[in-house]
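Following: one structure in structure tokens, then a few remarks.
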Amino acid sequence: MKDSSNKKNVATAAYNFVPLLEKIIPSEIESAAPEAFKKHIDNNGKLSGTIELSISTRSPLFIGGGSGENSFSPIAGRPIIPGSSLRGMTKNIFKIITGGAMRSGEDFDDQKLYFRGVGASKNAKSFQEYYKKQLRIKMDTVNKTSETGARAGFIVKENDAYFMYDAGLPNPQPLAGADKPNTIEVHDGYCDCYTGAMQKKKHFCRLPFPDWNSRKLPVPMELMDDYRSDIRRGNVNKADEDKEGNAIDLCKVLKNHKGKYNNLKELAERIGVDAIAPCFYMTDSKDNILHFGFGRFYRVPYTKTVVDHVPEGLQTAVVDFADAVFGKKELWASRVFFEDAELIDAGSKEDLKADYSHLLLSPNPTSFQLYLQQQSMQLPGDESKPTPPSSSAKHWGENTPIRGYKMYWHKRKVDWQAAAEERKNIANMLAKDKNPEKPSVTRIKPLNYGKHFHSCIRFNDLSRVELGALLSVFELSHKFKDAKTEGCYKIGKGKSLGLGSISIDYQLKLQQEDYYLKLFDTDDWKREETAEPLEYLTAFDEYIRKKCNTRMQAAYDISMGELRHLLAWNKVKDEYTRSMDGINHPDKPFVNRWILPTATNVMSGKEYPR
């Protein structure tokens, strides 16, 4: 999307991020020890009761469950919202507003991300230079050619181990006519490797067979796992993953020599290994293999992993509020319990018909211009700080943090049903299913908007501060400067399509001190009374301000501002939050690394054309 006001392009996405703090805001529990938890409960855990939730669907809602393509978690024929879904939604926002931890294995999965910078645009010069450095690429400006530092090789599988035979330096051969699609041709004494059509491409590679009795280098299993984890390799639909011409995944080649790789099976049998594939690889000065891939200019891993981009202060063992209230594995149990939300009013809107939805792509964190912080934090209320140009985009190999908690915008217009072209892809996918009774794609039947549910959260032994933190999740829907603005939440599947927007009203009820003494004395056995939440909300707010210094308080206020923008119901135009078309868009926003503005800038709309 072109910005006519500042002559630059900025990205659009169905999501945005709530920035992270630099360190955890500690809870009232002093340490991750059962004794510390017991001490806290004895001294502060005086409050038990329920939070009654009145939930209304503001857009179609689909969660799934049960059996059959039309199911919506039904119990006794009536749809419900599972308590587990409400718990997950609540805990996610709870971690944000309490300044919680972000730990590998708990809050995110650490992994190496792979990339390829051959076709990078001029806007991404630092990214392109980084790729050249990883593959030690040398440029011949006179002949306008480039050469990689990778060596040719053959990776083989023997029992459960992998090894690399060296096949010498790359041996590019001139193309005779049009290039062939991605394929491997086995000949007498060599393999020809084609990496697919590309503009101005002039060569394919010929890999001579090595001496199979020569030294072979071990390929660490960790390296194989890293390569296998690169889910973006090829980036093709399931219906087309075996199609001739798609990018070659060496792990798949080694796993299955059938079909188009049958010639490799004969080669493997001839030399006495389980599987074999031609490839290129690089080593360090001690001959340890660093990475490998198919083709001279293959996808390589960044030197940093995801964990390197999460602030160290958020990865410590400090007990955060989520640990304290929602439980901490074997140390202590949760003190909050979520009941299923039952339908109490079906409303007057007609039921939606079951249909196929848009095909949803998996998250693509390799789009660093969207997932990594690209500018310093804005001051609270400052909407004038512009999104930096795409030429300055920082990538995963640099020292910059992730942008924060990913959340989806609400949509004014919900368009969830598959388009005509998508239906063709769906038909292809269904045709390839080996078990028709378990199709890879099913129809969904969302509940229409205007439905009303009731649920409750039961809590035991919370402190005033902890209860205030829990209530603050639902109080967010009212914390807007504009009294007309309403906050809504997202739950279920298809959030990027606009599904799952709900509003929540709550009522606090507290158990009386003599709850257990008089439990069966009267007909009113619950002995809970409605209570005003202000006292507990204030206690939490004062606690946060006490624990934060000036710098951290400013960062916290920024995060809360971004969160409110993302919760605001129908306050941002749909064209500012649409998913970009990376294939048909004339300006190629992904290739040119358009940077995603902050939620504040998206909300203001100043960087988008009028």
Side-chain angles (χ1 to χ4, degrees), residues 104 108-119 127 130-137 148-167 170 182-184 191 193-196 205 207 216-236 238 241-242 246-258 260-261 264 268 273-284 286-309 362-368 395-397:
S104 176
F108 68 94
D109 294 322
D110 189 31
Q111 66 178 112
K112 282 188 175 181
L113 299 175
Y114 281 69
F115 72 103
R116 184 170 180 264
V118 171
F127 170 64
Y130 181 77
Y131 180 72
K132 291 178 182 178
K133 182 178 179 180
Q134 301 310 307
L135 272 182
R136 303 169 197 161
I137 294 174
T148 173
R151 294 182 66 85
F154 286 82
I155 186 170
V156 299
K157 181 182 180 182
E158 297 181 29
N159 297 320
D160 293 325
Y162 295 86
F163 301 92
M164 186 74 70
Y165 284 98
D166 183 69
N182 284 288
T183 190
I184 300 169
C191 279
C193 297
Y194 298 87
T195 54
C205 271
L207 280 67
K216 55 188 178 183
L217 300 176
V219 181
M221 190 58 67
E222 180 183 0
L223 195 59
M224 297 300 298
D225 291 339
D226 288 341
Y227 181 92
R228 194 176 290 110
S229 71
D230 181 18
I231 61 175
R232 305 304 300 181
R233 181 175 290 107
N235 196 21
V236 296
K238 183 177 180 181
E241 65 182 359
D242 295 323
N246 282 333
I248 289 178
D249 186 322
L250 293 172
C251 283
K252 290 182 179 179
V253 175
L254 292 168
K255 183 179 179 180
N256 185 2
H257 277 349
K258 296 179 181 179
K260 62 182 180 180
Y261 301 127
L264 288 173
V273 297
D274 297 326
I276 188 171
C279 64
F280 290 85
Y281 72 101
M282 290 191 68
T283 62
D284 61 15
K286 297 182 179 179
D287 277 349
N288 297 308
I289 296 178
L290 298 173
H291 41 71
F292 61 88
F294 183 75
R296 291 180 297 155
F297 301 95
Y298 55 84
R299 289 169 62 83
V300 298
Y302 287 98
T303 52
K304 297 178 181 292
T305 66
V306 174
V307 74
D308 296 317
H309 298 274
S362 58
N364 184 14
T366 54
S367 295
F368 51 80
H395 54 72
W396 289 98

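Just the heavy atoms: all of them, side chains too, but no hydrogens, waters or symmetry mates, feed the values below.
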Checklist entry - Can you find a pair of side-chain heavy atoms, one from I289 and one from T283, that are under 4.5 Å apart? => result yes
Item to check | Nearest-0.5 Å distance, OH of residue Y302 to CD of residue Q111 | outcome: 12.0 Å
Checklist entry - Quick check: does any side chain N or O of H291 sit under 3.5 Å from a backbone N or O of P301, one acting as donor and the other as acceptor? => result no
Item to check | Closest non-hydrogen atom pair, L207 against G153 | outcome: CD2-O, 3.5 Å
Checklist entry - Roughly how far, to the nearest 0.5 Å, is the CG atom of L113 from the CZ atom of R299? => result 9.0 Å
Next on the checklist: Keeping N182 on the side-chain end and I248 on the backbone end, is there a donor-acceptor pair under 3.5 Å?
Outcome noted: no
Checklist outcome for this item: From the list Y227, Y281, Y298, ring-ring contact (aromatic ring centres under 6.0 Å, His included) partner of F292 resolves to Y227
Item to check | Stepwise side chain to side chain contact (heavy atoms under 4.5 Å, CB included) check, T303 with Y130 | outcome: CA-CA 10 Å; T303 52; Y130 181 77; 2.8 Å; yes
Item to check | Contact check, side chains of K255 and R228, non-hydrogen atoms, under 4.5 Å | outcome: no
Checklist entry - Quick check: does any side chain N or O of W396 sit under 3.5 Å from a backbone N or O of P365, one acting as donor and the other as acceptor? => result yes
Item to check | Check against side chain to side chain contact (heavy atoms under 4.5 Å, CB included), L217 and D166 | outcome: CA-CA 8 Å; L217 300 176; D166 183 69; over 6 Å; no
Checklist entry - Are side-chain heavy atoms of P278 and L264 found at a separation under 4.5 Å? => result yes
Item to check | Criterion ring pair (Phe, Tyr, Trp, His ring centres under 6.0 Å) on Y131 and F297, from CA distance to verdict | outcome: CA-CA 10 Å; Y131 180 72; F297 301 95; 7.4 Å; no
Next on the checklist: Any donor-acceptor pair under 3.5 Å linking the side-chain atoms of D226 with those of Y114?
Outcome noted: no
Item to check | Worked verdict on L135 versus R296 for side chain to side chain contact (heavy atoms under 4.5 Å, CB included) | outcome: CA-CA 9 Å; L135 272 182; R296 291 180 297 155; over 6 Å; no
Checklist entry - Are Y162 and L254 close enough that some pair of their side-chain heavy atoms sits under 4.5 Å apart? => result yes
Checklist entry - Nearest heavy-atom pair of S229 and K112: which atoms, and what distance? => result OG-O, 4.1 Å
Checklist entry - Under the side chain to side chain contact (heavy atoms under 4.5 Å, CB included) criterion, do K216 and E158 qualify, and how do the steps go? => result CA-CA 12 Å; K216 55 188 178 183; E158 297 181 29; 2.7 Å; yes
Item to check | Distance-minimising heavy-atom pair for M224 and C251 | outcome: CE-SG, 4.0 Å
Item to check | Parallel, tilted or perpendicular: ring planes of F127 versus F115, cut at 30 and 60 degrees | outcome: tilted
Checklist entry - Between A277 and L250, what is the shortest heavy-atom contact and its length? => result CB-CD2, 3.9 Å
Next on the checklist: For D284, is the CG atom crowded, meaning more than 12 foreign heavy atoms sit under 6.0 Å from it?
Outcome noted: yes
